[in-house]
Amino acid sequence: MVVRRVVQLTSLGLFLTLLGLAAAASAPDWAVDLFQRMDPSLAALTMLASQKWIWALWPAAVVLASGLLFGRAFCGYVCPMGTTIDGADKIIGRGKTKPAQWLRGMGWLVLAFLGGAALAGVSLVFLAAPLSLITRLYGLVALPAAELLGGAAVDIVRPVADDLGLNWLAFWQINAPRFDTVWFVAGVFAAIFALARLAPRFWCRYLCPSGAMLALFAAKPLIRRRVSDQCTGCGKCRRACPMGAIEQNPLLTNHRDCLLCRTCASVCPENAISFLPGPIALPTKAPAFSPIRRQLLLSGVGGASTAVLAYGGLQLPRAASDKTTLPTPMLLRPPGALPEHDLLKLCVRCGLCMSACPTNTLQPIWFEAGLTAAFSPTITPRLAPCDPRCTACGQSCPTGAIRPLTLGERVWAKTGTAVVDRQRCLAWNQHKKCVVCDEVCPYDAISLVQQPGIPVSVPLVDADKCGGCGFCEKFCPVRNKAAIVVNPLGELRLDHGSYAQNGVMRGLNLHLVPPGGQSHGHVSPTNGPAPGFTD
């Protein structure tokens, strides 16, 4: 048990470390999304929905193969979702209610439902894939909350530290990111944790699609629970098993549910239980998979039907030739995002791109683009701009829904075009001198020109020079809705090929103003807003 706890805490610590390094843009590219690429259901259903083989998801194949040797040890030792649920179970405690027996096959039904939707071309894996769910919990809720509390603590301690001469706290600034949908995500996990009142590890035992996939390979693992003839049949092991993997006869084990957690061995008064490789000394049981096939079929049909209903929505993207699609007007996707139809098939809504975004502009959306786009990332320029010298979102995406770009390619990844609302613009409408949008534009896409009847220069946007970064919208001094707004007009989204070459072919002229060498008072993304203006 001690060894298991050490492994669990080490694995969870590594997961959180990589998540924190991703947020600080310090994690190595090969490791930043390592845990997400280990999720079997995330990998299989994403490839099924997109009809693409994604080589980057090979760690999930290793996890599945581990079932042949160690059963579901990944769930019991490595999975951060399982470790988090174990901790919640300890805090909440177990109730006296015994779950109904029919719940035992629910994980397979969840997997069949998601598989049916994936076969129909709609990815709903983000609803239940454990590594997607737990990344959203920690990346969008827990770590920002910890940073917020840390910042509050520093603010409280700083005056005392200053009095003691500890000046280093004066330079310690914590700017916690903020994300939409956090209350919904927190509520989902509150419900998952509350299920401990019914049974320990309720999610892992009854609902997890990745656990159901791994169970396929865990029927007869090399290392498994073995019971010697010293067993007296007291039943303590069966009552203590967190997964209900021990049958009424304690000699019999359902290896598809066994996590190799060794809880049974730790409570056995006769030391009759071991977990070793070798031939079976006494009868054991690994029941054949037996959920009713009709239920599986109905669940798969239900998933496909949900996908068909989703296709009936006007805002769900279709093939390029389908003219019945009604795009969401102001949905700005991250630089390097695949075309919408492919993005939604590959995006697993893990939130890594949002956690990695240094400006906090990437936010999860709700249902403005339909159920199938829920929790996918969008740029929010009024909150913060999208730094045209940043490639963090693409580097952190585990499935390639956002392409990893070089800095040279990133500049050409046009996310939209800024449009001046002349009815709100201080210069156009009120004839007040304002040069903010021109000063902060890193692409030099805005010009101040004289117009007949207007005593001050007014801003005009050159669409071919605008990269859609949103610096102008963020720093526009007009309150509430900005007088210059970025929309998806002219966005450049490619599933392959060079952004620079395609941009040139489209007549774009996207070049950043060199930092320190601006001729019109422009600022670079790293230098902040124009003098006299604050975030």
Any luck finding a side-chain donor-acceptor pair between [X] and [Y] under 3.5 Å?
X	Y	result
Thr399	Arg37	no
Ser210	Asp39	yes
Gln36	Ser132	no

Discussion item. Would the distance check show the side chain of Ser299 and the main-chain N or O of Ala112 forming a donor-acceptor pair, the cut-off being under 3.5 Å?
Written reply: no
Worksheet entry | Exam field: side chain Arg201 to backbone Gly82, donor-acceptor pair closer than 3.5 Å | yes
Worksheet item: Can we say Arg403 and Asp495 salt-bridge, meaning some charged N sits less than 4.0 Å from an Asp/Glu carboxylate O?
Response: no
Item to complete: Take atom CH2 of Trp58 as the centre, draw a 6.0 Å sphere, and report whether it contains more than 12 heavy atoms from other residues, nucleotides or ligands.
Response: no
Worksheet item: By side-chain hydrogen bond (donor to acceptor under 3.5 Å, both in side chains), which residues pair with Arg178, not counting sequence neighbours?
Response: none
Worksheet item: Quick one: side-chain hydrogen bond (donor to acceptor under 3.5 Å, both in side chains) partners of Tyr77, sequence neighbours excluded?
Response: none
Worksheet item: Are Phe184 and Trp366 close enough that their ring centres sit under 6.0 Å apart?
Response: yes
Discussion item. Looking at Phe375, I'd like to know if the NZ or CZ of Arg136 sits under 6.0 Å from its six-membered ring centre while staying within 45 degrees of the ring's axis.
Written reply: yes
Worksheet item: So which of Pro335, Cys357, Pro358 actually passes side-chain contact (heavy atoms from CB on, under 4.5 Å) with Cys393?
Response: Pro335
Item to complete: Just say parallel, tilted or perpendicular for the rings of Trp55 and Trp53, cut-offs at 30° and 60°.
Response: perpendicular
